[in-house]
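Note that the numbering runs from 1 along the sequence shown for the chain. Every heavy atom of this structure was used, including side-chain atoms; hydrogens, water molecules and symmetry mates were not.
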Amino acid sequence: MKKIIYLLVAIITTVTTQAQNTNQEPVIIVNGQGSVKVKPDQAVLSIGSEIKGKDATNVKKENDKVISNMIAFLKKNKISEKDYQSQNISLYRQYDYENKQDYYLANQILTIQLNDLSKYETIMFGLIEAGANTIQGVEFKSSKTTSYESEARTKAVENAQNKASDYGKALKQPVGKAVYLSEYSQVVNPRIYAMEAKMLSTSADAGQTAAAGEIEISSNITVHYQLGK
């Protein structure tokens, strides 16, 4: 008896699903793309100190002194305290297999939000003169990213509408309102990856030392439009 009931339920479910599919309103599905390329006006610097030595206390003190000098330089150049933060603070022992002896390594990185990109060279070389000897990376950004994201979305919708219109004309069927939309957005900020500070300091007299390039802000959408008969 139970098998018969299960069979009837399965038949009813199948018939209902088929009826829903048959009565489903026809739609046209298109993808839309929109992108905006802009010049950066900000940068995030990840720069700090790495000190190596045999005595843990001395290594830590020397590293702290460099960071203190870096912070003093930032304050002197009117970089707000809210725009820099300590990261990756560490002190650990390692073993030098070549010389067969222990040594200590102290690290600390300052992440600095630079809101005026024209100060990039001044701040970077000033920090190196203060004792910074390692650069984890530099990320170039825009202060108007949110506005540019809106512009990219508008372009993506226009692109999707144009595609839907083209398909509707080819099919000789009117395209109605949108009934579904999904989006994937992306902001690609130019980056300079880790390097030793001394590599940058050797080019201090060469003028500009980094090309910021362009930021690409993109929006990719999928839209379902009603399709008339």
Side-chain angles (χ1 to χ4, degrees), residues 29-50 70-71 73-74 76-88 109-130 132-166 178 181-223:
I29 303 173
V30 295
N31 294 321
Q33 296 85 33
S35 66
V36 180
K37 291 185 177 181
V38 297
K39 289 185 177 181
D41 60 3
Q42 297 177 330
V44 177
L45 318 180
S46 297
I47 180 172
S49 173
E50 181 178 279
M70 291 172 64
I71 291 175
F73 170 78
L74 293 173
K76 182 179 178 181
N77 283 268
K78 299 181 180 179
I79 303 298
S80 174
E81 290 187 11
K82 67 180 178 61
D83 289 330
Y84 57 86
Q85 183 179 26
S86 292
Q87 303 281 349
N88 303 337
I109 295 293
L110 288 181
T111 300
I112 304 159
Q113 171 75 33
L114 192 59
N115 296 314
D116 184 353
L117 197 56
S118 68
K119 294 182 178 180
Y120 173 82
E121 309 290 341
T122 300
I123 297 299
M124 183 65 81
F125 289 116
L127 291 170
I128 293 172
E129 289 176 359
N133 61 9
T134 182
I135 301 171
Q136 280 197 350
V138 179
E139 180 181 9
F140 296 101
K141 303 172 67 177
S142 171
S143 60
K144 299 179 180 179
T145 296
T146 301
S147 175
Y148 291 129
E149 285 178 323
S150 296
E151 185 178 343
R153 292 188 186 104
T154 299
K155 288 185 175 183
V157 170
E158 290 174 352
N159 181 243
Q161 289 174 333
N162 290 336
K163 286 182 179 180
S165 178
D166 289 342
L181 186 149
S182 67
E183 181 201 25
Y184 170 73
S185 295
Q186 187 176 24
V187 179
V188 181
N189 293 320
R191 296 173 183 266
I192 299 174
Y193 291 97
M195 64 185 293
E196 291 185 22
K198 64 182 181 181
M199 294 174 62
L200 183 62
S201 63
T202 58
S203 59
D205 298 326
Q208 184 178 353
T209 60
E214 288 185 319
I215 299 171
E216 183 174 5
I217 301 168
S218 61
S219 175
N220 295 277
I221 63 173
T222 299
V223 188

[X] versus [Y], closest heavy-atom pair with distance:
X	Y	result
T111	Q87	OG1-CG, 3.2 Å
Y120	L114	CA-CD2, 3.6 Å
A156	S219	CB-O, 3.6 Å
S185	R153	OG-NE, 4.2 Å
I221	A160	CD1-CB, 4.0 Å
P190	I215	CD-CG1, 3.6 Å

[X] [atom1] to [Y] [atom2] distance, which is reported to the nearest 0.5 Å:
X	Y	atom1	atom2	value
L110	S86	CG	OG	5.0 Å
Q33	N159	CD	CG	5.5 Å
I123	L45	CD1	CG	8.0 Å
T134	I47	OG1	CD1	8.0 Å
D41	L117	CG	CG	7.5 Å
L127	F73	CG	CZ	5.5 Å

(request) Could you tell me whether the side chains of E216 and S218 share a donor-acceptor contact shorter than 3.5 Å? (result) no
(message) Keeping N77 on the side-chain end and I79 on the backbone end, is there a donor-acceptor pair under 3.5 Å?
(response) no
(message) Check whether N31 reaches the backbone of N220 with its side chain - one donor and one acceptor, N or O, closer than 3.5 Å.
(response)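 Here the side-chain-to-backbone pair does not exist.
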(request) Could you tell me whether the side chain of M70 reaches within less than 4.5 Å of the side chain of L74, counting heavy atoms only? (result) no
